[in-house]
Student: 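Quick one: this structure, given as structure tokens, is what I'll be asking you about.
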Amino acid sequence: MGTSNVSSTSDFILMGLFSYTGPHLVLFFLMATVFIIGLLGNTTLLFLIATDSRLHTPMYFLLSQLSLLDVGFPLVTIPKVVAEFLQGENVISFGGCATQMFFLMLMGISEGVLLSLMSYDRYVAVCHPLHYQVLMRSQVCLVMVGASWFSGALVASILTTITLQFPYCASHTVDHFFCEMPALLKLSCADTSAYELALSISGVLILLLPLSLIFISYGHVLGAVLLMRSAEARHKAFTTCSSHVTVVGLFFGAAVFIYMVPGSYHSPKQDNVVSLFYSLITPTLNPLIYSLRNREVRMSLVKVMGRSDFKVKG
């Protein structure tokens with residue numbers, strides 16, 4: 001897609017993902033389809049958890065927050081990509097760029113913290129089932145969710161503010177399809193090496209600390225599952241936790257590649273693919289992973305569909 005004239009010095013040009021060639025048109029419609037499927041999947045899961053009393057448990061409350069984040073992730077980036085493709089306009093204002101960057105970091109960091117808290121929920125459920133109602137009471141769940149959102153907002157505010165303080169006096173063409181911090185820093189005419197080093201170090205806390213807590217929790221869970229005498233209980237625990245581990249691997253794998261692997265080891269094209277993966281593909285897969293592997297969600301969906309079918313026939 002060709003670049004447009006920048007209307008002011010504070011605007012940025014996004015390179016975009018697709019041109020108007022045949023293969024790119026197919027990829028564009030595929031992306032749009034995945035986007036719609038993801039929104040439908042996550043909003044459906046939110047609706048089921050909100051309306052079915054059987055799903056009013058700590059695990060599903062945390063899962064509803066994951067679905068909420070997964071609704072927001074693609075909404076921050078994909079509509080802009082679609083607008084660029086349809087209108088041929090790939091300019092984004094300074095404020096729009098800042099907004100994209102802030103909300104992506106907000107939701108990314110919040111999701112990382114939330115996934116670690118969900119692993120703790122599974123640890124308590126499997127290793128301390130008799131104390132589950134006390135350890136995971138509603139007040140604790142609210143504090144957990146509040147902590148995940150607060151940590152995301154705090155870190156996103158700090159990093160976005162610092163990143164936008166750098167002067168961008170050279171090229172304003174972002175070699176990316178949205179305003180992501182590593183891609184934007186490459187355009188600064190100031191020396192950002194010290195800041196990038198600090199980001200890599202802080203990545204240990206932001207990414208590796210939650211990931212370590214997840215490994216510890218599921219390590220205990222695996223040990224407890226292997227000691228279970230009931231094959232049915234062992235299968236149920238393993239199925240539930242394996243779906244959580246799948247989500248963790250998809251999310252953290254992409255985040256570590258973008259934010260902790262030095263930029264010299266990956267190209268802008270690779271960054272686009274990985275960013276598209278964690279901003280669109282992973283949010284779309286999450287409800288499918290949880291719903292298809294979870295009996296309670298499937299039963300709730302069948303119940304809702306049966307009720308609507310009855311109303312249509314009536």
Side-chain angles (χ1 to χ4, degrees), residues 41-42 45 48-49 52-67 69-70 109-148 151 204-256 260 278 282-283 285-303:
N42 281 296
L45 202 51
L48 293 177
I49 293 172
D52 194 332
S53 59
R54 293 174 300 178
L55 302 182
H56 293 173
T57 64
M59 184 183 82
Y60 288 109
F61 175 64
L62 296 176
L63 180 56
S64 71
Q65 298 303 302
L66 180 64
S67 290
L69 289 167
D70 286 339
I109 294 164
S110 297
E111 183 158 334
V113 174
L114 183 65
L115 288 172
S116 66
L117 297 176
M118 291 175 71
S119 71
Y120 172 75
D121 170 75
R122 291 301 85 202
Y123 160 73
V124 174
V126 174
C127 300
H128 303 283
L130 298 180
H131 301 98
Y132 184 79
Q133 295 300 326
V134 175
L135 294 175
M136 292 300 297
R137 58 190 182 275
S138 58
Q139 296 92 330
V140 174
C141 292
L142 288 173
V143 170
M144 285 181 165
V145 169
S148 68
S151 59
V204 175
L205 293 175
I206 296 173
L207 292 175
L208 296 189
L209 180 58
L211 193 57
S212 299
L213 295 175
I214 290 169
F215 281 138
I216 292 171
S217 295
Y218 283 119
H220 286 291
V221 168
L222 180 61
V225 168
L226 293 176
L227 294 175
M228 288 180 177
R229 295 182 178 181
S230 168
E232 182 181 352
R234 187 163 59 244
H235 178 265
K236 181 179 180 180
F238 183 79
T239 299
T240 301
C241 293
S242 64
S243 65
H244 292 207
V245 171
T246 301
V247 171
V248 167
L250 293 172
F251 175 80
F252 279 97
V256 167
M260 295 198 66
Y278 81 74
T282 302
L285 290 176
N286 284 352
L288 299 177
I289 290 172
Y290 281 106
S291 61
L292 292 178
R293 299 177 65 112
N294 196 294
R295 182 171 175 269
E296 288 87 354
V297 173
R298 292 199 303 268
M299 289 177 60
S300 178
L301 182 60
V302 169
K303 179 181 176 182

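Below, each value reflects all heavy atoms present in this structure, side chains not excepted, and no hydrogens, waters or symmetry copies. Only a predicted model underlies this, so the values are computations on that prediction, with no experimental measurement involved.
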Student: Going from CD on E111 to CG on D70, what distance comes out if it is rounded to the nearest 0.5 angstrom?
Tutor: 4.5 Å
Student: For the atom pair OH (Y60) and CG (D52), what is the distance rounded to the nearest 0.5 Å?
Tutor: 9.5 Å
Student: Return yes when atom CZ of F215 has more than 12 non-hydrogen atoms of other residues, nucleotides or ligands closer than 6.0 Å, and no otherwise.
Tutor: no
Student: Quick one: list whatever passes side chain to side chain contact (heavy atoms under 4.5 Å, CB included) with V140, sequence neighbours left out.
Tutor: R137, M144
Student: Enter the distance from R54:CZ to K303:NZ here, rounded to the nearest 0.5 Å.
Tutor: 5.0 Å
Student: For S110, enumerate each residue passing the side chain to side chain contact (heavy atoms under 4.5 Å, CB included) test, keeping only those at least two apart in sequence or located in another chain.
Tutor: L69, L106, W149
Student: List the atom of V145, the atom of Q65, and the distance in Å for their closest heavy-atom pair.
Tutor: CG1-OE1, 3.4 Å
Student: Hey, is the main chain of I214 close enough, under 3.5 Å, to the side chain of S217 for a donor-acceptor pair?
Tutor: no
Student: Counting distance only, does the side-chain N/O of N42 pair as donor-acceptor with the main-chain N or O of P283 below 3.5 Å?
Tutor: yes
Student: Taking all heavy atoms of Y132 and all of M59, pick out the closest pair and write down the distance.
Tutor: OH-N, 3.8 Å
Student: Calculate, to the nearest 0.5 Å, the distance between atoms CD1 and CD1 belonging to I206 and I109 respectively.
Tutor: 5.0 Å
Student: Within this structure, what is the CE-CG distance for the pair M299 and L55, rounded to the nearest 0.5 Å?
Tutor: 9.5 Å
Student: L115 and M118: side-chain contact (heavy atoms from CB on, under 4.5 Å), yes or no, with the steps?
Tutor: CA-CA 5 Å; L115 288 172; M118 291 175 71; 4.3 Å; yes
Student: Considering only heavy atoms from C-beta outward, does the side chain of H220 approach that of V126 to under 4.5 Å?
Tutor: no
Student: Does S300 reach the main-chain N or O of V297 with its side chain, forming a donor-acceptor pair under 3.5 Å?
Tutor: no
Student: Mind listing the closest non-hydrogen atom pair of Y218 and S119 along with its distance?
Tutor: CE1-CB, 3.3 Å
Student: Given side chains that start at C-beta, do those of P210 and F252 come closer than 4.5 Å, heavy atoms only?
Tutor: yes
Student: What distance do Y123 atom OH and L135 atom CG have between them, rounded to the nearest 0.5 Å?
Tutor: 9.0 Å
Student: Is L250 close to Y278 at the side-chain level, that is, under 4.5 Å between some pair of heavy atoms?
Tutor: no
